[in-house]
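Data first, discussion second: the structure below is written as structure tokens.
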Amino acid sequence: MLKRTNMCGSLRTGHVGQTVTVCGWINTYRDQGRGLIFTDLRDREGLCQVVFDLEQAPADLVGLAKTLRREYVIAVTGTVRIRAGGANPKLATGEVEIVAEKLELLNASEAPPILPDDHEAEKINEETRLKYRYIDLRRPRMQHILHTRSRITKFARDYFSGNGFMEIETPLLIKTTPEGARDFIVPARLHPGKWYALPQSPQLFKQILMVAGCDRYLQICKCMRDEDPRADRQAEFTQIDLEMSFVEREDVMEMMTGFVRGLWSELFNYDIGTVQRMTYWDAMERYGIDRPDTRYGLEITDVSDIAANTEFAVFKDALGLTKAGRKGVVKAIRIPTPNEKLTRKVLDGYSEFAKTFKAGGVPFTKLGANGFETGVAKFCEPVKAELIAKLGLVPGDIIVFAADHYDIATKTLGELRQKIARDLDIVPAGKWNFLWVVDFPMFDWDDDNKRWVALHHPFTSPNPDQFGILESDPGVCLSAGYDLVLNGSEVAGGSIRIHNMKVQEAVFRLIGLTDDDAKMKFGFLLDALRLGAPPHGGVAFGLDRLVMHIVGTDNIRDVIAFPKTQSGMDLMTEAPGPVDPEQLVETHVRSTAVVEPAKH
RNA sequence: GGGGCGGUAGCUCAAUUGGUUAGAGUACCGGCUUGUCACGCCGGUGGUUGCGGGUUCGAUUCCCGUCCGCCUCGCCA
């Protein structure tokens with residue numbers, strides 16, 4: 001086999017005159033007849049034109065070249081020269097070409113069902129691309145994403161290793177844990193009727209590693225949660241998982257800020273500046289979401305007090321609501337000019353959008369030169385002065401309201417705010433707004449089951465100044481959790497953990513785990529906390545989402561080499577599939593699924 | 001589990017009110033072509049209209065069911 005000396009995509013004018021051997025796939029094939037053939041050869045670094053010229057090469061070489069087709073795998077030895085026919089500015093290697101002297105066909109290819117072409121790929125069904133993933137991954141764009149992902153994990157290892165973090169693997173076959181997402185489960189052959197679970201995260205193991213004196217831990221690990229996927233969510237995903245001993249909240253945030261600062265510097269030569277802080281409640285009030293996108297305004301204002309003085313039944317009814325101890329609210333977004341894109345039809349459509357979040361609709365109006373003009377103008381007119389003062393309105397502004405239970409009104413405007421920004425096209429490109437969200441509540445009230453649930457996870461510590469109210473006022477108690485938000489997306493989340501058994505037991509009690517339950521399910525953790533657990537805390541970065549931001553895609557499948565579809569299938573391998581009945585017997589499993597008999 | 005959109009040639013799409021032999025581009029195959037680079041020119045092959053059922057003289061088209069893909073609500077400590 002001809003031995004490669006250079007990568008196709010790396011050749012430049014500096015290589016002119018050199019004899020090189022390149023290997024790769026035939027990207028395109030242009031036969032000019034009578035012994036002049038051009039091919040663009042592709043490897044992971046790019047394309048380079050190879051020319052087979054009768055005047056320069058023996059006839060048998062040209063003869064073999066005649067048989068080449070798309071996606072054939074070849075090795076070529078030849079001399080690099082300035083292109084005789086003029087440069088192609090579309091290629092990085094466009095100034096040069098290789099004049100082939102030796103050609104080795106390494107492998108032919110059947111006619112490929114799809115071609116690895118970035119322009120084509122945007123038009124081809126994702127379903128087809130996923131089935132032939134190995135062809136799709138040959139595309140320059142996909143190679144760029146895989147390479148970028150690799151650079152990110154390498155940077156993470158370098159940065160954290162340089163800061164004293166040790167890479168430690170934790171088990172994949174673990175015990176099922178209550179709370180949280182649905183577990184994937186694995187039958188235990190050696191223990192009939194018992195099951196392992198796949199980890200939703202290495203959370204407990206990394207805490208125990210701190211108890212074990214490892215001080216600083218890093219792992220780039222797969223996590224599995226058996227829940228329905230979304231555009232930015234897969235059942236199987238990757239975390240950059242971290243934990244540190246003898247630290248407080250500030251120490252962890254500083255370390256993690258340093259990581260993203262270094263990463264953005266490395267990848268983009270971009271200074272992320274000072275990362276702002278915002279409390280959870282501030283985020284909810286002003287942005288209606290715990291991961292605000294601060295790249296644009298359109299902040300939310302509570303106008304309940306003003307709405308109470310209107311005669312609008314929708315407002316009045318909402319203000320009379322109560323749920324989980326919270327009164328209903330009326331909130332508003334002021335949309336300044338230019339807002340002409342928000343036509344009557346678009347604004348009416350927002351009510352349909354709002355209904356997906358269980359809101360009745362989103363009333364709106366517009367301030368003209370002489371008062372409110374459309375929509376719910378007549379109800380707003382009597383409180384015009386107050387609205388103008390509170391929202392800072394000027395003529396031309398559109399105001400959109402949500403009136404409902406606190407959580408519904410908040411979420412509706414939080415989501416609508418992002419939609420409006422997209423509709424107005426005011427989301428700035430090329431801007432990286434990092435934000436730490438802190439002071440989360442410890443618990444959320446589950447009205448259906450009448451109990452507290454941990455907002456983050458039940459190992460999150462209250463903030464040091466909050467221990468006093470943990471049990472007396474759990475709904476108010478704030479945690480030592482923190483989320484790193486980038487452009488409205490949570491890229492990392494973590495907390496200082498509970499390292500005191502008594503506190504941990506109190507939290508378990510509050511979320512309705514009896515002492516016996518806690519012992520059975522988390523006994524090993526409680527034991528560990530009793531046996532010399534240092535103060536510790538950590539973070540997990542969502543690697544997939546981080547890569548999505550960095551390469552600029554809104555599809556998580558783009559950043560995973562072998563992703564699954566929305567129904568959890570791998571279209572290439574056709575997993576999941578049936579197993580041999582013998583495997584079921586061995587693992588003591590009997591399926592209750594009704595399987596269609598095979599057709600014949 | 002709910003809502004929305006989609007599935008026709010290898011790929012991307014078209015097909016009038018339900019009506020003749022389901023078309024086009026591209027890919028592929030054959031021929032021609034010496035500076036192309038989305039090469040060009042000529043010719044050709046290629047169809048379980050996702051699958052199953054129903055209505056009808058006749059279904060890509062209408063109805064029912066089902067499978068698959070995408071977006072989304074719920075869910076995702």
Side-chain angles (χ1 to χ4, degrees), chain A residues 27-40 47-56 62 69-71 83-91 93-94 97 99 109-115 117-132 135 177-183 200-201 203-204 223-235 237 352-359 411-412 415 419 440 442-444 446 448 452-460 479 481 490 493 495 507 511 513 540 542 554-555 557 564-569 571 574 596 599:
Chain A
N27 191 66
T28 48
Y29 178 85
R30 299 180 292 277
D31 184 352
Q32 302 303 123
R34 293 200 191 269
L36 184 68
I37 297 167
F38 297 100
T39 73
D40 291 339
L47 298 173
C48 183
Q49 176 164 287
V50 176
V51 57
F52 297 91
D53 189 335
L54 186 61
E55 290 172 7
Q56 313 260 350
V62 176
R69 295 294 181 269
R70 293 225 182 162
E71 298 309 310
R83 287 195 183 199
N88 179 1
K90 291 179 194 162
L91 293 182
T93 62
E97 64 187 5
V99 190
S109 168
E110 292 179 12
I114 59 172
L115 289 170
D117 180 277
D118 285 333
H119 303 290
E120 296 274 318
E122 286 166 26
K123 291 184 271 173
I124 299 173
N125 276 325
E126 198 179 2
E127 203 171 343
T128 312
R129 294 198 281 118
L130 288 174
K131 180 173 178 186
Y132 300 101
I135 299 178
T177 51
E179 307 277 311
R182 188 178 298 114
D183 281 326
Q200 297 178 28
S201 82
Q203 181 61 36
L204 292 167
C223 304
M224 276 70 65
R225 298 176 188 176
D226 190 4
E227 302 289 351
D228 289 4
R230 284 290 185 278
D232 64 347
R233 214 168 76 189
Q234 287 256 304
F237 63 101
E352 283 308 307
F353 179 75
K355 282 173 189 164
T356 63
F357 307 104
K358 302 278 194 294
K411 174 158 192 183
T412 299
E415 296 292 334
K419 184 172 173 60
F440 288 82
M442 282 290 287
F443 306 103
D444 211 8
D446 178 352
D448 295 335
W452 294 107
V453 290
L455 195 79
H456 188 46
H457 57 54
F459 319 108
T460 300
S479 81
E490 183 195 327
S495 62
V507 169
I511 63 173
L513 267 183
D554 52 13
N555 177 353
R557 295 176 298 279
K564 293 182 173 57
T565 67
Q566 193 131 162
S567 69
M569 301 230 309
L571 297 181
E574 296 185 322
E596 278 183 41
K599 293 190 183 76

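Residue numbering restarts at 1 for every chain, and letters A, B, ... go by the order of the sequence lines. Bear in mind that the values here come from a model prediction, so they are computed numbers and not experimental data.
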- Item | Contacts of type ring pair (Phe, Tyr, Trp, His ring centres under 6.0 Å), residue Phe440(A), not counting sequence neighbours | Tyr280(A)
Provide the Watson-Crick or G-U wobble partner of [N], both distances under 3.5 Å; none if there is no partner.
N	result
rG44(B)	rC28(B)
rU21(B)	none
rU66(B)	rG50(B)
rA15(B)	none

- On RNA chain B, more 5' by nearest nucleotide between Glu227(A) and Asp232(A) is Asp232(A)
side-chain N/O [X] vs [N] OP1/OP2, d < 4.0 Å:
X	N	result
Gln49(A)	rU36(B)	no
Thr356(A)	rU72(B)	no
Lys411(A)	rG74(B)	yes
Arg69(A)	rC29(B)	yes
Ser567(A)	rG69(B)	yes

- Message: Distance criterion of 3.5 Å, no angle test: do you see the side chain of Arg557(A) paired donor-to-acceptor with the base of rC70(B)?
- Response: no
Using a cutoff of under 3.5 Å, can you pull out all pairs of nitrogen or oxygen atoms linking the protein to nucleotides 38-41 of chain B, with atom names and distances?
residue : atom : partner  : partner atom : Å
rA38(B) : OP2  : Lys90(A) : NZ           : 2.8
rC39(B) : N3   : Gln32(A) : OE1          : 3.3
rC39(B) : N3   : Gln32(A) : NE2          : 3.4
rC39(B) : N4   : Asp31(A) : O            : 2.3

- Partners of Glu415(A) by side-chain hydrogen bond (donor to acceptor under 3.5 Å, both in side chains), sequence neighbours excluded? none
- Query: Quick one: side-chain hydrogen bond (donor to acceptor under 3.5 Å, both in side chains) partners of Asp183(A), sequence neighbours excluded?
  - Reply: Thr176(A), Gln200(A)
- Query: With Glu352(A), which residues qualify under salt bridge (Lys or Arg N to Asp or Glu O under 4.0 Å), at least two apart?
  - Reply: Lys355(A)
Show the distances under 3.5 angstrom between N or O atoms of the protein and N or O atoms of nucleotides 3-6 of chain B.
none

